There are 2 protein chains.
Amino acid sequence: MATRVTLSEVAELAGVHRGTASRALNPQTESQLNIDTVRRVKQAAESLGYVPDALARGLRMSRSMTVGMIIPDLTSPIFPPIVRGIEEILQPQGYTALLTNSDGDLAVESSLYDSLRQRRVDGLLLATGRLDEQPVLARAQADGVLAVMVNREAGRAPFPAVIADSQAGIRMALDHVLELGHRRIVHLSGPTSFSTTRQRREAFVAAARGVAGLEWGVHEAADLSIAEGERVMAEVLATSHRPTAVLAGNDLLALGALHTIRRAGLRCPEDLSVLGFNDMPFAGDLSPALTTIHVPLRQIGCESARMLLQAINSGVQKPITRTLPVSLQVRESTGPVPA
Amino acid sequence: MATRVTLSEVAELAGVHRGTASRALNPQTESQLNIDTVRRVKQAAESLGYVPDALARGLRMSRSMTVGMIIPDLTSPIFPPIVRGIEEILQPQGYTALLTNSDGDLAVESSLYDSLRQRRVDGLLLATGRLDEQPVLARAQADGVLAVMVNREAGRAPFPAVIADSQAGIRMALDHVLELGHRRIVHLSGPTSFSTTRQRREAFVAAARGVAGLEWGVHEAADLSIAEGERVMAEVLATSHRPTAVLAGNDLLALGALHTIRRAGLRCPEDLSVLGFNDMPFAGDLSPALTTIHVPLRQIGCESARMLLQAINSGVQKPITRTLPVSLQVRESTGPVPA
DNA sequence: TTGTATGCGTTATCAT
DNA sequence: ATGATAACGCATACAA
């Protein structure tokens, strides 16, 4: 393990003092120096292969140039695009993300918060947090830590958020199946403890109420998983008056519903239409290709990173919720109401 | 922004010296102290909400407790499980991963390497690097940086690696289609600059040569993408003597092949069987469900993280390649040879 | 324009 | 068993 080159060694080689070398290598202060000195220092740094120490710098400036991120589960398909969006913005600004997974466990979240705070992250990107209990948000608020909610709203904590337009999405989904003639429609809701799925549920109920002669219902899943989609769909199929269309709270629930439908010997979309939400990667390659609401996932990531960086640079944080537009993506899982 | 609590403040409240407080809070050294002192310090820390500063500690101990990771693209479906496996091992040991994406660009890789080294990562997890050009590996070697290759082999650089058993996988895939009666088989190879896809290609050629009466060929994709799968499969369909089975170098190529097959008005598996490699998430939900070689992705992550941690803790690094077993996952995309 | 000195928050060595 | 002191590598206020 080769020993690291420090600023002092560079200074020595260039024949100047540490402080001068520091100034020469910092674009901000480089102008205060003799142009020739700057050149000499830079050359010395180059020839020694000098790499500044971010730890020392961070300690001195009390800025780590890192951002902490807590998500439930990276293998949940919506997160990879979101994370890439975030890094796309962070990286050119010299920031790096510390990515952690909580699996939705509040205790784990809390300990991840500790770990990230220990590392002196300059801000937090939170794709986690339920509306009912938010230990991390409460602590971040108490500690004066900057944070942006990603694809979730903060509830009562005063943090900015970047989310997709659930209301418009549900409206589009409902209109789509209404146009196809469906009049018995069920919403497969996610847990009401998540702001996203709760919004979708409320949007569905509000919209459904406004349609005369519509038979509708809501079935709630305990989490946003394929397994829960399967389970709740089975529940739906067991009801006396089967719906002809199902609007799922997200794509995973929709995929689970697809499984149950097939297993029950029914066909989608001939017997039953299914709609997802999110347009996760490969939604179009499923069997049948999933009609869903497209959410600009990567953009959600970009936007939240931008908001956080802005907060970090300005030091102020306004609890604004930024809502990104969605669109209907019609594929194979929806069709005309069966005769 | 609440001001941070430092060790000195804790010490003051407990009525001891900084150094003593430090020892009291460190499980390693806690035993040297009076048990009552330890209690007092811990209580003071608790009541003040003390959070140790990882930057300062890292600077002092020259250990950042972070690990850098360079992958081509997080949205490539094999990486989320791998990354989760890595974090599963890292987190309980107090390590955090700095995740970065290179998009396969060598210049980007190199600059990511700089950025990670600046941050004094204790080691590197590299899921990147081509066999022909490996600037990052060469630099890591020169700088004496510990690194483990993830799902890639190092080529000439002396780094350990964790990979899946490509040879056995290809053998299984080939045997499977041979049993189904296929005798005209094509391998959709990934670029030979990647160690994985090169191994699969070589394994295919070797195995195919050993089968009497087999008509076989290899078509090479420029990268591991759906689009390339589509393109190369079109090339295959344009040949005079169409194969009845296609073994793809990975699932994305297979999925692209599926697209082209459908677009050409052919059916899979009735007209043409297709096999993937990796068993990426949702491979079983594609249309048709993809028969593929299951690779223990999460385990690859776990294993590489373990190897890296071991190297960090011991300071020594042996260039051992650990090969993990794979299995055949039969689903819907393979069937008997058409009559 | 450049050198000097100090401190960021820890841990570790050496005293006591 | 604990206190004093130095050092990790850097940036900056101050002095020259």
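Everything numeric here is computed off the predicted structure, so don't read it as measured data. Chain naming here is simple, since letters A, B, ... match the order of the sequence lines and numbering starts at 1 in each.
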List the atom pairs, with distances to 0.1 Å, where a side-chain N or O of residues 41-48 of chain B and a protein N or O form a donor-acceptor pair under 3.5 Å, not counting sequence neighbours.
from    : atom 1 : to      : atom 2 : distance (Å)
B/Lys42 : NZ     : B/Glu30 : OE1    : 3.4
B/Lys42 : NZ     : B/Glu30 : OE2    : 3.3
B/Ser47 : OG     : B/Ala44 : O      : 3.1

- Calculate the interatomic distance between B/Arg119 atom CZ and D/dC8 atom P; express it in whole Å. 23 Å
- Task: Send over the distance from B/Met61 CE to D/dA7 P, rounded to a whole Å.
- Result: 19 Å
- Query: If you count the non-hydrogen atoms of other residues, nucleotides and ligands that lie under 6.0 Å from CD in A/Glu9, is the total more than 12?
  - Reply: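 Above 12, so yes.
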- Message: Please list, in numerical order, the residues of residues 33-60 of chain B that have a heavy atom closer than 4.0 Å to any atom of DNA chain C.
- Response: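 Contacting residues: B/Tyr50, B/Val51, B/Pro52, B/Asp53, B/Ala56, B/Arg57, B/Arg60.
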- Proximity to DNA chain C (any heavy atom under 4.0 Å), residues of residues 6-23 of chain A only: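 Hits under 4.0 Å, by residue number: A/Val16, A/His17, A/Arg18, A/Thr20, A/Arg23.
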- Message: Under 4.0 Å from a heavy atom of chain A: give me the 5'-most and 3'-most nucleotides of DNA chain C that qualify.
- Response: C/dT1 to C/dG9
With a cut-off of 3.5 Å and sequence neighbours excluded, list every side-chain donor-acceptor pair involving residues 87-94 of chain A.
from    : atom 1 : to       : atom 2 : distance (Å)
A/Glu87 : OE1    : B/Asn101 : ND2    : 2.5
A/Glu88 : OE1    : A/Arg298 : NE     : 2.8
A/Glu88 : OE1    : A/Arg298 : NH2    : 2.9

- Query: Of all residues at least two apart in sequence or in a different chain, which pass the side chain to side chain donor-acceptor pair (under 3.5 Å) check with A/Glu303?
  - Reply: A/Arg306, A/Arg322
- Applied to residues 66-85 of chain B, the salt bridge (charged side-chain N to carboxylate O under 4.0 Å, His left out) test, sequence neighbours excluded, yields A/Asp73-B/Arg84, A/Arg84-B/Asp73, A/Asp103-B/Arg84
Of all residues at least two apart in sequence or in a different chain, which pass the salt bridge (Lys or Arg N to Asp or Glu O under 4.0 Å) check with [X]?
X        : result
A/Arg119 : none
A/Asp132 : A/Arg130
B/Arg40  : B/Asp36

Under 3.5 Å, which donor-acceptor pairs link side chains of residues 146-153 of chain B to any protein atom two or more places apart or in another chain?
from     : atom 1 : to       : atom 2 : distance (Å)
B/Glu153 : OE1    : B/Gln199 : NE2    : 2.6
B/Glu153 : OE2    : B/Thr321 : OG1    : 3.1

- Task: Hey, which sits more toward the 5' end of DNA chain C by its nearest nucleotide, B/Thr29 or A/Arg120?
- Result: A/Arg120
Pairs under 3.5 angstrom only: tabulate donor-acceptor contacts from the side chains of residues 14-28 of chain A to other protein residues two or more places apart or in another chain.
from    : atom 1 : to      : atom 2 : distance (Å)
A/His17 : ND1    : A/Gly19 : N      : 3.0
A/Asn26 : OD1    : A/Gln28 : N      : 2.8

